[in-house]
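Some notes on the structure that comes next.
Keep in mind it's a predicted model, so treat the numbers as computed, not measured. For ligands, and for the atoms within them, numbers begin at 1 and follow the listed sequence.
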Amino acid sequence: MDRIEIDGGTRLSGELKISGAKNAALPLMVATLLSDKPLELSHVPHLADIATLGEILAQHGVEVTRSETGDGDALTLSAARITSTLAPYDLVRKMRASFLVSGPLLAREGQCTVSLPGGCAIGARAVDFHLKGFERLGAEIDLADGYVTAKAPNGLQGAEYEMPFASVGATQNLMMAATLAKGETVLRNVAREPEIVDLEKCLVAMGAKIEGAGTSVIRIEGKSALSGASHRVLPDRIETGTYAMAVGAAGGEVTLIGTDALNLEMVIPLLQRAGVQMEVIQVGDGIEAIKVSRNGERHMGVDVTTEPYPGFPTDLQAQFMALMATCQGTSHITEKIFENRFMHVPELGRLGANIKVDGQTATVQGVDRLKGAPVMATDLRASSSLIVAALGAEGTTEVNRVYHLDRGFEHIVTKLQGVGAKVRRLTN
Ligand code: UD1
């Protein structure tokens, strides 16, 4: 199995280009199921999760073609005919986002049978809000043998639904389903993540009538059919935050190019309070960049709680903890989105971090320096936290099970090498 080896303690410097957001690209790819006309997506990151979703869509009858460009991948997806409304366990278990096919299939074909999802082992990750929403739209739901069957033989009917919690996936799934329902749908207490705004933009380009993404109420006026469209995937705010924290941990100065600082409005001031300099700049032709630097003094401990957007993202919690491991003072990190997202704590401990977990809160007592050791990646974001920690550590760290990283970080080794990190991927 592949592993990544990092000789830590080298300051990072130079420029690093930010990829398209995985969490935006996945629902955008699924949106193709809503129309019999082609959808062209650009700035798509080249990742294992994108390939997995491509396989899932292909077995529903979607033709997927991929070409490499200097700006991520370009995908053309064409769902002229849906050949199957069954999403099998073998494929869906690999990635929770694949459950998103249920809404579009149900809306377009009047039925679907989709395996209950898998994905990162970070908690129960139920889909009850998705199913309750489908019921409100008039579908009948049946759960048996690990599969959900949803039926609406006469089509979905617009309705109101208030989500008990602002779930990202349920918001996207119900939004897509409602674009082909009869009449108006009002979704309340929805998630406000930038990836939802990106999905709304693409659906509107496909002819859907939607407004409100980015606020907590989304209104959708159903259409009888949607058309094709072209859409560029927004920059990855989680990748941006991860590399900013890597610079914080290792020191140096790196310009993160092609990102969108507005979508990091909680993250930037937090890092600044910790003593990491963050400056938003323009690098020609409207391209935004963030210059990140930490020189001299060790950074400070600050507290954070993960929350739905615009709060601090749970997908950066592990990386932030890796940064806090070497802070001056103490940091309290509270995880409010997932109940089992501290699996990186024992691995950071192997590098010498001093972290104690009590319920939802981890208390990090900063140490002078971490020391390299063999560690094991347990899930996608935890893996990236080990990379952040290793870059600032003394000596060599070997990160095992890096297939988790391949799910979500495009060209991570070459990107880090590009800013001077001593990192290599070993195969066998
Ligand atoms: C998405 C992101 C993931 C991120 C998460 C939270 C993608 C592909 N993935 O995941 O990287 O960590 O948002 O920002 O975009 N819940 C229920 N019932 C439901 C749905 C969710 O109880 O029907 C709970 C989950 O168990 C979890 C919480 O709500 O505790 C948040 O889940 P959700 O926002 O749905 O996350 P995902 O869309 O799966």
Side-chain angles (χ1 to χ4, degrees), residues 20-31 44-45 47-50 52-53 56 92-103 114 116-136 141 143 148 150 161-177 187 189-199 213 216 233-234 236-239 241-242 263 266-267 305-320 335-344 360 379-385 404-405 407-409:
K22 168 184 88 83
N23 284 355
L26 295 172
L28 290 167
M29 287 171 72
V30 171
V44 179
L47 296 170
D49 271 10
I50 300 288
T52 302
L53 185 60
I56 292 171
V92 176
R93 75 181 166 82
K94 292 189 189 169
M95 186 180 56
R96 177 177 164 86
S98 44
F99 193 73
L100 294 180
V101 300
S102 55
V114 179
L116 288 166
C120 285
I122 53 172
R125 305 194 82 173
V127 288
D128 48 335
F129 310 153
H130 302 238
L131 302 184
K132 185 49 101 186
F134 292 159
E135 279 180 341
R136 286 287 163 82
I141 306 291
L143 284 176
V148 175
Y161 177 52
E162 177 159 344
M163 267 189 268
F165 174 83
S167 151
V168 175
T171 303
Q172 292 164 335
N173 209 351
L174 296 172
M175 215 172 134
M176 288 194 279
L187 302 173
N189 192 30
V190 294
R192 295 185 275 163
E193 268 68 0
E195 293 74 21
I196 291 169
V197 177
D198 209 38
L199 178 63
S216 50
V233 178
L234 93 171
D236 197 322
R237 64 195 167 98
I238 303 303
E239 190 197 25
T242 302
N263 294 336
M266 264 296 289
V267 177
T305 299
T306 65
E307 275 163 315
Y309 192 85
F312 185 82
T314 175
D315 285 351
L316 283 174
Q317 178 258 108
Q319 301 90 312
F320 188 70
E335 172 59 54
K336 286 252 185 95
I337 308 292
F338 293 109
E339 71 268 31
N340 189 17
R341 215 175 203 186
F342 282 144
M343 287 182 304
H344 42 285
Q360 290 178 295
D379 69 56
L380 170 54
R381 307 304 173 186
S383 320
S384 54
S385 82
H404 291 294
L405 280 172
R407 289 188 50 198
F409 285 85

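Taking each of Leu53, Asn23, Leu380, Thr306 in turn, the one with a heavy atom nearest to atom 15 (O) of ligand 1 proves to be Asn23. The option with the heavy atom closest to atom 27 (C) of ligand 1, from among Phe129, Phe99, Phe338, is Phe338.
A heavy-atom separation below 4.0 Å is found between His130 and ligand 1. Within the structure, the closest approach of Arg341 to ligand 1 falls below 4.0 Å when heavy atoms are considered.
Interface atoms of ligand 1 facing Phe165, defined by a heavy-atom separation under 4.0 Å, are 28 (C), 29 (O), 31 (C). Within the listing of ligand 1, atoms 20 (C), 21 (C), 35 (O), 37 (P), 39 (O) sit less than 4.0 angstrom from a heavy atom of Arg96. Every atom of ligand 1 with a heavy atom of Thr314 under 4.0 Å away is listed here by number and element: 6 (C), 12 (O), 14 (O). If you number the atoms of ligand 1 from 1 as listed, the ones under 4.0 Å from a heavy atom of Val168 come out as 1 (C), 13 (O), 33 (P), 34 (O), 35 (O), 38 (O). Those atoms of ligand 1 that come under 4.0 Å of a heavy atom in Gly169, given as number and element, are 35 (O), 38 (O).
In this structure, Phe312 has its ring center closer than 6.0 angstrom to the ring center of Phe320.
No part of Ala170 comes within 4.0 Å of ligand 1, judged by heavy-atom distances. Only side-chain heavy atoms of Asp315 come within less than 4.0 Å of ligand 1; its backbone N, CA, C and O stay farther off. At a heavy-atom distance under 4.0 Å, no atom of Tyr309 approaches ligand 1. Residue contacts with ligand 1 for Ile337 involve both N, CA, C or O and side-chain atoms from C-beta outward (heavy atoms, distance under 4.0 Å).
Side-chain polar atoms of Asn173 and His130 form a donor-acceptor pair below 3.5 angstrom. Under the 3.5 Å distance criterion, with hydrogens and angles disregarded, no donor-acceptor pair is assigned to the side chains of Gln319 and Ser385. Checked by atom type, the side-chain pair Glu335/Gln360 shows no donor-acceptor distance below 3.5 Å. A donor and an acceptor atom, one from each side chain of Ser216 and Arg192, are nowhere located under 3.5 Å apart.
Each salt bridge (charged side-chain N to carboxylate O under 4.0 Å, His left out) pair with one or both residues in residues 20-31, not counting sequence neighbours, appears once here: Lys22-Asp49.
Listed by chain and residue number, nothing satisfies the ring-ring contact (aromatic ring centres under 6.0 Å, His included) test with His344 (two or more places apart in sequence, or in another chain).
Taking any N or O of Asp128, backbone or side chain, at least one lies under 3.5 Å from an N or O belonging to ligand 1. Between Gln172 and ligand 1, no N or O atom pair is found at a separation short of 3.5 Å. Residue Ala97 has no nitrogen or oxygen atom sitting less than 3.5 Å from a nitrogen or oxygen atom of ligand 1, judged on distance alone.
When every heavy atom of Thr306 is checked against every heavy atom of Lys336, the shortest pair comes out as OG1-N, 2.8 Å. In plain terms, the two heavy atoms of Leu199 and Ala31 that are nearest each other are CD1-CB, 4.3 Å. The two atoms that bring Ala170 and Met163 nearest to each other are CB-SD, 3.7 Å, heavy atoms only.
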